Each structure stands twice: as structure tokens, then as C-alpha cells.
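Below, read A as the first sequence line, B as the second, and so on, with proteins coming before strands; counting in each chain starts at 1. What you see is a predicted model; the values in this text were computed from it and never measured.
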Amino acid sequence: MKNYDFQNIESKWQKIWEEQKPFEVEISSSKPKCYVLEMFPYPSGYLHMGHLKNYTLGDVVARYKRMQGFNVLHPMGFDAFGLPAENAAIKQNIHPKKWTYDSIAHIKKQMKGVGLSYDFRRQFATSDPEYYQWTQWLFLFLYKQGLAYQKEALVNFCPHCQTVLANEQVIAGGCWRCETKVLKNSLKQWFLKITAYTEELLLELDTLSEWPEHVKTMQKNWIGKSYGAQVTFPIVGGGEIEIFTTRLDTIYGATFMVLAPEHPLSLELPQDPGIKEATKILINKSLLTPEIERSAEEIPKEGIFLGRHAFNPFTCEKIPIFVANYVLSEYGTGAIMAVPAHDTRDYDFALKFNLPIREVVVPQPGTHCENLPDQTYGYLINSGPYNNLPSEEATIKMAEFLQEKLLGKLTVRYKLRDWLLSRQRYWGAPIPMIYCDFCGVLPVNEEDLPVRLPEEIDFTPRGMVSPLATSEEFLHTTCPQCGGSARRETDTMDTFMCSSWYYLRFASPFSDREPFIKKEIDYFLPVDYYIGGVEHAILHLLYSRFITKALYDSGYLNFKEPFSRLFTQGMITHTACWCPSHYWIPPKEVKDEKYCPKCYTEITLSLEAMSKSKGNIVLPETIFHKYGADTGRLYVLFAAPAEREFEWKEESVSGIFRFLNRVWKLVTSYPSLSLKELDSHPQNKDEETVKLITHKTIKKVSKDIENNFRFNTAIAALMEMVNDLKAIIEKENSLNQGVLKEAIESLVLLISPFAPHLAEELWEILGNQKSLTFQKWPVYQENWVKEEMIELPIQIDGRVRSKLIVLRVIEEEKLRELVLQDEKVLKFLAGKKVKGIIVVPEKIISLHTER
RNA sequence: GCCGGAGUGGCGGAAUUGGUAUACGCGGCGGUCUCAAAAACCGUUCCCGAUUUUCGGGACGAGGGUUCGAGUCCCUCCUCCGGCACCA
């Protein structure tokens with residue numbers, strides 16, 4: 001038989017799949033469905049190693065489920081709107097559309113080269129007008145539900161480039177292109193009211209039993225629910241300040257108050273013109289502080305006493321009111337009561353401004369805190385009628401008091417904020433709204449969708465306006481209500497909007513009358529397996545859950561959670577080389593592993609996620625050319641558990657290649673074996689062993705695929721099977737062909753989700769006519785999984801001292817007898833008294849002696 | 001600081017969930033083939049000690065506990081990685 005010629009085999013089967021279209025699906029009432037989805041890529045040029053891993057994971061599941069008789073929906077598309085296309089347009093003078101669709105064509109070709117079993121008819125890019133028409137529809141739907149609204153908000157603005165920047169374009173407080181300090185400017189923008197679903201988004205996380213715990217935790221933290229109280233502090237001389245606190249029990253220790261710079265009262269309260277001026281300066285300064293700097297470590301606390309006081313509603317003391325940079329306007333009410341004894345931030349501030357620090361909670365009644373500030377709960381002191389009460393009880397009683405006096409109540413706050421949707425960008429889906437001078441803000445009529453993105457457009461940045469505003473043709477329209485002249489909204493949507501519903505469209509991609517056909521959605525959704533990187537643990541997944549819930553509430557969907565099972569795969573890392581003067585150097589250019597090839601200074605080596613900027617990318621093609629796609633697929637699965645990150649090492653690939661060659665040689669030495677009618681019942685010991693190996697491997701591989709993507713151990717089991725089979729065949733060459741047939745066929749079927757090209761070819765060589773895509777997945781028989789004779793270890797005082805080969809099913813009495821006759825056991829027991837013998841059937845025998 | 005996750009040979013990693021620690025692969029070493037090398041194949045490989053085909057001892061980040069028995073459960077500590085972070 002000829003050698004394993006992966007090149008011909010792979011192109012042969014890719015062509016057959018292309019022609020016979022076995023991966024295309026339709027809804028079916030007779031077959032159970034399974035929806036396997038990998039997070040679709042942003043098409044930035046080419047497929048990289050991370051994609052290969054992501055899509056191979058999904059493909060193994062899809063192929064496995066198909067063989068299990070499921071009607072598998074396995075689609076793929078492109079998250080095609082976004083910044084890199086525009087950057088390319090500016091830098092290389094290519095139209096974003098051309099750049100994007102060229103990328104898509106290239107990546108699609110690469111996907112086919114990997115042998116991924118997608119239903120490519122369903123493919124779309126979010127930048128297709130046929131798709132974004134419905135993204136716009138979704139926006140209008142949300143608008144009509146009262147879930148989309150406009151509000152003034154701050155945007156990042158680079159005064160040098162005269163353009164609005166996305167958050168990720170702001171690097172260390174400066175513009176990514178010219179490093180000019182970024183300013184914050186206020187603009188009227190569209191928001192989606194995700195906060196209307198806060199409680200549901202939080203609660204229903206608990207129903208997602210098949211999601212990784214850490215992803216759910218991250219979402220919980222992001223939503224950030226905290227229980228506390230809102231309290232009104234009357235201002236001396238009129239007015240009031242409302243605050244939120246999670247530590248109502250410490251209110252007797254509130255010795256001052258602090259407003260966020262953005263708080264409306266910050267400028268209203270000061271009466272002294274000097275203070276007012278100083279306050280203005282502080283406010284401006286904090287507005288100009290970029291968010292990154294603001295959150296980078298602790299910035300020094302700055303504040304100004306406003307010259308006014310408030311009453312502490314419990315102590316009735318007059319306490320001073322400050323404005324300070326450490327209070328956030330977006331959280332709570334943007335104002336706090338400061339309890340320096342029990343809060344580190346307030347403590348620092350109090351020290352700086354020499355304010356009183358009063359201890360009000362102690363660990364035990366009659367004691368004192370060892371160190372202030374102390375944030376732990378305990379028992380109250382210095383708190384009037386609440387003294388000696390534990391924190392929890394005091395909180396309840398204090399809340400009752402507040403409610404009586406109408407000064408506050410227990411309440412709940414969240415960190416989650418509404419989703420800022422507007423982007424002052426070109427390459428995105430236009431927000432379908434119209435401004436009419438007479439009728440106001442109006443939605444585009446549904447039948448006028450899509451609002452098309454104009455292609456002839458000047459990209460030169462022009463300040464605070466979106467590039468779309470420069471297109472006269474786009475900008476001017478007629479009012480859908482009065483028919484007079486009107487202007488279009490020129491902002492585009494955040495691309496997360498495009499990806500927040502694409503999994504729905506995949507199940508029903510052909511309708512041009514509605515976003516999706518309900519019957520098809522009802523059949524295929526929710527997604528059974530959703531696979532992608534952890535980097536989307538919060539935003540994409542939270543947005544998708546929100547959109548699903550909104551559609552559910554209006555009857556478009558019959559499920560509340562879009563992704564039943566989520567799997568987050570680990571990154572692939574590779575050595576990266578850092579030179580202080582030449583930054584990242586591609587590892588290939590570093591010859592002696594120590595010095596920069598340009599300046600010969602010493603370089604720093606580290607493991608980094610493969611990325612263009614770090615120059616440590618290895619393209620999947622490098623494996624494909626040398627070893628083939630099947631080897632590449634197995635390698636990324638075998639290197640480490642799928643959820644863990646692993647370091648790319650070229651050497652390890654050859655081990656996989658050798659294995660596939662062994663499989664090739666083994667199977668091809670039995671051509672046409674499938675054509676023979678043979679009895680697979682074993683006649684002797686060796687044949688029994690073959691039978692056992694076969695059924696054990698079927699069990700192991702099936703379980704490993706089913707349970708948590710344990711593909712590395714599944715492949716190891718297949719390697720073991722091949723090694724063991726080879727050893728037996730070499731030892732005994734007159735094995736019953738029937739037993740062999742079962743083993744060899746099982747091997748080919750078991751390996752097929754991992755190495756589909758090789759498996760198809762071998763299946764054909766074995767004499768089968770039909771592709772194994774829909775071949776039945778092998779089923780193990782329990783009685784062939786366990787050996788008749790087993791080796792039982794014997795422990796004496798916790799150490800293995802001997803082994804016994806016995807029947808698996810054996811009476812305990814008989815075992816005890818055998819143990820006490822064992823030579824080695826007797827040797828170790830010499831001079832000792834046996835205190836007890838524990839027999840664990842089929843596992844171990846444990847003796848312990850008197851000590 | 002808070003919340004997650006992980007520490008097992010030279011390396012990536014296994015361990016039926018409390019029952020023979022190191023499966024499988026890489027790398028190393030030895031061999032076969034070859035003029036030679038590569039590839040391929042075969043053997044070997046946790047560490048230490050000896051009386052060296054055998055035997056004894058030690059090892060799962062460190063220490064302690066529960067147990068006949070702990071990589072696995074409990075407590076204390078150390079290290080690394082990830083997320084969040086002036087969230088009141």
C-alpha cells in the first residue's frame with residue numbers, strides 16, 4: 001500500500017464534500033436537532049492558529065453529533081463591520097468594503113482547507129445589506145419597545161486627528177496614532193436599555209448549568225448587584241443630598257459628605273466665588289482625566305470644601321460637604337456619606353483634610369478595632385440607641401427609622417449601565433433614524449430598510465462628526481411623517497449589535513421579508529454548543545442574552561437564553577522577543593536566542609498570545625503544507641486540554657503526524673475488510689484482548705467528547721488503541737478477521753471527527769461505498785469493557801507490596817485467603833499482627849497492621 | 001484589595017473523582033537501516049541508593065489534619081495566571 005499522501009487525500013475529500021454537500025441541513029420533524037456554533041471571526045486578512053483551534057473544537061462536536069443521528073446545524077459567517085477595515089482604508093487606501101470582502105474570500109478558502117463541516121449556504125457577513133437590514137430592524141424593534149433612547153454622553157476625541165476615537169483606540173490616555181492627549185466631549189448618542197433586564201440577566205445565570213462557572217462569575221461582577229440603603233441628608237440652609245451606602249450601620253461615623261465632580265450640586269452649593277472657581281477647575285480637571293489614568297492605581301485624592309454643611313439624619317450633627325475626584329458620578333447617586341473609620345478611601349481623604357474619624361463598629365462589644373480603617377462587620381458603638389447591636393440587625397432598625405422619617409429606605413444598586421450604541425464611524429450599520437425639523441426624531445419606515453451605507457465617501461476625519469455626515473446623498477432624506485426634507489442619523493451602530501443576534505439568522509438566513517422565520521428558529525434554537533474565546537465572556541454574551549430576552553418578551557422567540565452550553569477555549573501562546581529599542585522582534589529573526597538582530601542588545605523572552613503586533617504568529621498553513629490539515633486539527637486538540645492555553649511548539653506536531661501514519665499503515669494493510677461477512681466473536685485470549693481494546697476505546701472516546709471537550713485524552717486513547725492493536729497483530733498474525741474488522745472499523749469511525757479526510761479515505765479503502773459522515777457512531781458493550789482477569793494491588797500499611805491476578809468477579813472470602821497465602825505479603829507481615837483487611841471489589845486490597 | 005483558576009518527570013499533560021502516581025505525546029539516550037546523514041522503525045527514560053533483569057527508599061508547590069489508604073477531602077502558608085478594581 002502506498003504512503004499516507006495527505007495532500008491528495010485532503011483535496012479529494014474537500015472536493016467531494018463540496019459537490020455532495022453533506023453538511024447542508026433543513027428543519028426536520030423526524031430527527032432531533034443539534035446546533036453547534038463557533039463564535040464567528042472578524043475577517044482581518046487570514047485565519048490564524050486560534051481560529052483553527054476554535055473551529056476544530058466545534059467541528060469535532062458537529063461531526064460526532066451527526067454520526068449520533070442528530071440533525072446538525074453548523075454554520076459560519078463573518079463579523080465584518082468594525083474598525084480595522086477603516087484603519088486599513090486610511091493606511092493603505094483600500095475601501096473598507098473591498099478589504100473586508102477580500103479577507104472573507106481568503107478566510108473561507110482556508111476554512112475549506114481545514115475540512116470544517118459547515119453549511120456554507122447559510123454564510124453571511126454582518127456587513128451584507130441583506131443582513132444589516134435586519135440589524136436595523138432589530139434597532140427599530142428596540143426603539144418601539146422603549147429600549148432605545150438618546151442621551152448626552154462623553155466621547156473620546158483627539159484634537160490633532162480631529163476625530164472621535166473608540167475606547168480601544170485610546171492608549172494610555174493618548175490617541176493611538178499621534179499620542180495626543182484625548183479629550184472628553186459631550187455628544188447626543190443612542191443607548192440601549194439593557195438595565196431594564198438587569199435582574200433577569202443576573203437571575204437566569206443560575207439556569208445556565210452548562211456554562212463555565214468563571215464566565216458566570218464575571219457576568220455577575222459586571223452586573224454588580226449590591227444591597228444597601230439610600231439616605232437623604234438635609235442641607236443646612238435648604239435642599240438635600242441623596243446618597244447610597246452599603247454600610248448603613250456605620251452612619252453614626254459619617255463625619256463629612258462628598259459629591260462627585262459631575263454631581264449637579266457641585267456647582268450649585270458653593271456661595272463663595274473663590275470656592276466656586278476652584279470647584280470649576282477641579283471639575284474640568286477630572287473631566288479631562290482619561291478613564292485609563294483614572295483607574296490606573298490610586299490617583300491622589302483631591303477635593304474642595306464647598307463651604308456648606310448637611311445634617312447627619314441620625315446624629316443631627318452638621319457635617320461639611322466636599323466635592324472630590326474619588327467619588328464616581330456614574331455609581332449610586334454620585335454622592336456619598338464619608339465614614340473614615342470604616343472605609344479606606346474616606347480614611348485617606350480625612351487624613352489629608354484633617355477631618356474627624358469616629359469608630360462606630362467594633363469586632364466584639366466592649367473592644368476596639370486594632371487598625372483603622374476597618375471594613376468588617378461587627379457590633380455598634382458610638383451609635384446612640386443602636387449601640388451593641390450587630391451590624392445586620394442595626395441596619396434593619398436604622399432603615400425602619402429612615403422610612404418613618406421619610407429620609408430613606410433599603411435599596412439595591414447595580415454597576416451595569418445602559419449600552420452606548422452610537423459610533424461616529426463609517427464601517428458599521430447606520431442607525432435607522434431621521435431628524436425632521438417639524439416632526440422631531442423619527443424611525444425609518446420598516447419597508448424602507450436597509451438604510452444603505454454609501455460607498456463613495458471621503459474618509460478624511462472632520463472633527464466631531466461621523467464620516468457619513470459628509471455624504472450629502474446619504475444625509476438628506478424626506479421625513480416619513482410630513483414628507484418634508486429631513487436629515488438622517490449619521491452615526492453607525494456598535495458592532496456588538498451585529499453579533500448580538502447572528503446566531504438567530506444562521507437558523508433562518510434566507511428570508512428577505514423578516515429577520516427570521518419563527519418555525520426555523522423554534523426548531524434549531526437555542527444553540528446547543530457555543531464555542532469561543534473567554535475575551536467575550538462579558539460583553540458579547542451579555543448583549544446577546546439581553547437581545548434574546550427582549551425578543552422573547554415580544555413573542556418572537558420561545559426561549560430566554562440563547563446558548564445552552566458554552567465552552568471557552570484557551571489561547572495559543574508562542575515565544576515573543578522584546579528589545580527595549582526595537583520593541584517586538586519576530587522570534588524567527590532572533591538567531592542566537594539572546595540578542596536583538598538590529599542592535600545586539602539583550603532581548604527579553606516571554607510567552608504571549610499569538611498576535612500580529614508581537615510578531616509571534618505561526619500560520620496554520622505552516623503545518624498544513626508539511627503535514628496536512630488533519631495533523632493540524634489533531635495537534636491543536638492534543639497539545640493541552642481545550643479550555644487551557646498552550647504554548648505552540650513545532651516539534652510536537654511531528655508526533656501527531658507519526659500517529660496518523662501509523663493509523664494509515666495499520667488500516668491499509670486490510671483493504672476491503674468491510675466487504676467480508678465475518679463473525680466478530682473472539683475465539684482465544686488474543687482475540688478477546690482485541691475485543692476489549694476496541695470496546696474500551698469506544699467508551700473512552702465517546703465519553704471524552706461528550707464530557708467537557710476532553711479531546712486531548714480522547715486522542716491519547718486512540719493512540720493507545722493503535723499501539724496495542726499493532727503489538728497484538730505483530731505477535732499473533734492469525735487473528736480472526738471478524739474481531740479485527742470490528743476493531744479497525746471502529747478505529748476509523750472514532751478518529752473521523754478529528755481527522756475527517758484520513759478517515760473518509762480509509763473508510764473507502766476498507767471497501768465502503770458511502771461517506772462516513774452519517775455512519776452510525778460505534779456503541780460499546782458493557783460486557784466487553786471489563787477484563788475477566790484483573791490485577792489487584794495489595795497494600796500493607798498504605799504501601800503497595802504485592803499484586804494478585806484474579807478473576808474480576810470473585811468472592812471476598814476467597815480473596816482474603818489468597819492474600820494471606822501470597823509470598824510477598826507473608827514476607828512483609830513477618831513479625832506483625834494484622835489488624836484489618838479492607839477489600840474494595842475490583843480495586844484494591846488494603847491490610848493494616850498493629851503499630 | 002476582591003473574585004476566579006492552576007501548581008504532578010527535562011517539557012505538554014494523564015489519573016475511572018478517595019484505591020497500583022506519571023497514560024498519551026515531545027525531548028533525551030541506545031539500537032536497526034545507511035558510505036554517511038535525515039526520515040522511518042525498535043528499545044529505553046521520575047529521582048536516590050545498593051547486592052543493578054531484582055530489591056529498598058523518596059517524590060504530585062510547602063506544612064499539618066481526616067482515613068486502612070490522599071495528587072484527589074479539610075486547615076494554614078507560598079508561587080503563578082486570568083478577571084474586576086476609588087462601585088461607597
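Distance CD1 (A/Ile656) to C1' (B/rC24): 9 Å, rounded to an integer number of Å. Atom CZ of A/Arg413 and atom P of B/rA88 are 11 Å apart (whole Å). B/rG83 atom C1' lies 13 Å from atom CG of A/Leu539, rounded to whole Å. Computed from coordinates, the A/Ile844 CD1 to B/rG18 C1' distance equals 10 Å when rounded to whole Å. Here B/rG13 presents its C1' atom at 12 Å from CD of A/Glu643, a figure rounded to the nearest Å. Separating the CH2 atom of A/Trp222 from the C1' atom of B/rG4 is a distance of 17 Å, rounded to the nearest angstrom. The CG atom of A/Leu637 sits 14 Å away from the P atom of B/rA14 (whole-angstrom rounding). Between the CZ atom of A/Phe256 and the C1' atom of B/rA88 there is a distance of 11 Å, rounded to whole Å.
Ranking B/rG4, B/rC84, B/rC3 by closeness to the A/Lys415 side chain, first place goes to B/rC84. The side chain of A/His214 lies closest to B/rG4 when the candidates are B/rG13, B/rG4, B/rA88. You'll find that the side chain of A/Ile838 is closest to B/rC68, out of B/rU20, B/rC68, B/rG4. Nearest to the side-chain atoms of A/Glu651 among the listed nucleotides B/rC26, B/rG19, B/rC86 stands B/rC26. Each of B/rG12, B/rU20, B/rG19 was ranked by its minimum atom distance to the side chain of A/Glu791; first place goes to B/rU20. Distance from the side chain of A/Lys843 is smallest to B/rU16 among B/rU16, B/rC68, B/rC3.
For the pair A/Phe646 and A/Lys703, both in contact range of RNA chain B, the more 5′-proximal nearest nucleotide belongs to A/Phe646. Residue order along RNA chain B, read from the 5' end via each residue's closest nucleotide, puts A/Asn221 first among A/Asn221 and A/Asp343.
Nucleotides B/rA21 and B/rG56 have their P atoms positioned 14 Å apart, rounded to a whole Å. Taking atom C1' on both nucleotides, B/rG13 is separated from B/rG27 by 14 Å, rounded to a whole Å. As rounded to the nearest Å, B/rC74 and B/rG82 have C1' atoms that lie 26 Å from one another. If you take atom P in B/rG19 and the same atom in B/rG71, they sit 10 Å apart, rounded to whole Å. The gap from the C1' atom of B/rA39 to that of B/rC55 amounts to 41 Å, rounded to the nearest Å. One P atom belongs to B/rA14, the other to B/rA6, and the distance between them is 12 Å to the nearest Å. Comparing the P positions of B/rC77 and B/rA15 gives a spacing of 30 Å, expressed to the nearest Å. With both ends at atom C1', the span from B/rG69 to B/rG10 equals 31 Å, rounded to whole Å.
With hydrogens and angles ignored, no donor-acceptor pair closer than 3.5 Å exists between the side chain of A/Lys835 and the base of B/rC68. No N or O donor and acceptor, one from the side chain of A/Ser652 and one from the base of B/rC26, sit under 3.5 Å apart.
Using a 90° window around 0 for the glycosidic torsion, B/rG9 falls inside it and is classed as syn. A glycosidic torsion no more than 90° from 0 defines the syn conformation, and B/rU17 adopts it. The glycosidic torsion of B/rU52 lies within 90° of 0, placing the base in the syn range.
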Distances for protein N or O near nucleotides 50-56 of chain B N or O, under 3.5 Å:
none

Restricting to nitrogen or oxygen on both sides, can you table the protein-nucleotides 21-23 of chain B pairs closer than 3.5 Å?
residue	atom	partner	partner atom	Å
B/rA23	O2'	A/Glu720	OE1	3.1
B/rA23	O2'	A/Glu720	OE2	3.1

Got a list of protein N/O to nucleotides 39-45 of chain B N/O distances below 3.5 Å?
residue	atom	partner	partner atom	Å
B/rA40	OP1	A/Arg658	NH1	3.4
B/rA40	OP2	A/Arg658	NH1	3.3
B/rC42	OP1	A/Lys726	NZ	3.4

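There is no side-chain donor-acceptor pair under 3.5 Å between A/Gln569 and A/Arg644.
Residues A/Glu720 and A/Ile693 have side chains not in contact (no heavy-atom distance under 4.5 Å, counting atoms from C-beta outward). Using a 4.5 Å heavy-atom cutoff, the side chains of A/Trp784 and A/Thr694 are not in contact. Using a 4.5 Å heavy-atom cutoff, the side chains of A/Met49 and A/Pro620 are in contact. Residues A/Tyr635 and A/Leu637 are not in side-chain contact: their nearest non-hydrogen atoms beyond the backbone lie 4.5 Å or more apart. Side-chain atoms of A/Leu306 and A/Leu265, non-hydrogen and from C-beta on, never get closer than 4.5 Å to each other. Inter-residue side-chain proximity for A/Val339 and A/Thr255 is flagged as unmet; no heavy-atom pair is nearer than 4.5 Å.
Judged by a 6.0 Å distance limit and a 45° cone about the ring axis, A/Arg633 is not positioned over the six-membered ring of A/Phe711. Geometric assessment of A/Lys225 against the ring of A/Tyr414 yields a negative cation-pi assignment under the 6.0 Å and 45° thresholds.
OP1 or OP2 of B/rA15 lies within a sub-4.0 Å distance of a side-chain N or O belonging to A/Arg710.
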Using the rule given for side-chain hydrogen bond (donor to acceptor under 3.5 Å, both in side chains), can you reason through A/Ser226 versus A/Tyr331, listing the C-alpha separation, both sets of side-chain angles and the distance that settles it, and then say yes or no?
CA-CA 11 Å; A/Ser226 50; A/Tyr331 185 73; 2.7 Å; yes
Could you check A/Thr344 against A/Gln375 for side-chain hydrogen bond (donor to acceptor under 3.5 Å, both in side chains), going step by step and ending with a plain yes or no?
CA-CA 8 Å; A/Thr344 31; A/Gln375 318 210 30; 3.3 Å; yes
Under the side-chain hydrogen bond (donor to acceptor under 3.5 Å, both in side chains) rule, what do A/Asn312 and A/Tyr252 come out as? Steps first, then yes or no, please.
CA-CA 8 Å; A/Asn312 181 324; A/Tyr252 276 79; over 6 Å; no
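Across all strands shown, A/Glu213 has no heavy atoms under 4.0 Å from either base or sugar-phosphate atoms. Heavy atoms of A/Lys700 sit nowhere under 4.0 angstrom from any nucleic acid atom.
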Watson-Crick and G-U pairing of RNA chain B written in dot-bracket, each distance under 3.5 angstrom, with | for inter-strand partners
(((((((..(((......[....)))((((((.......))))))(((((...)))))..(((((..]....))))))))))))....
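Among residues two or more places apart in sequence or in another chain, the salt bridge (charged side-chain N to carboxylate O under 4.0 Å, His left out) test is passed with A/Arg358 by A/Glu317. Residues that satisfy the salt bridge (charged side-chain N to carboxylate O under 4.0 Å, His left out) test with A/Asp704, not counting sequence neighbours, are A/Lys700.
A ring-ring contact (aromatic ring centres under 6.0 Å, His included) with A/Phe305 holds for exactly one of A/Phe353, A/Phe322, A/Phe349, A/Phe256; it is A/Phe322.
Note on ring orientation: taking the six-membered ring where Trp is involved, the planes of A/Trp419 and A/Tyr543 are parallel (angle under 30°, cut-offs 30° and 60°).
Remark: side-chain polar atoms of A/Lys53 are paired, donor with acceptor, to backbone N or O of A/Ala642 under 3.5 angstrom.
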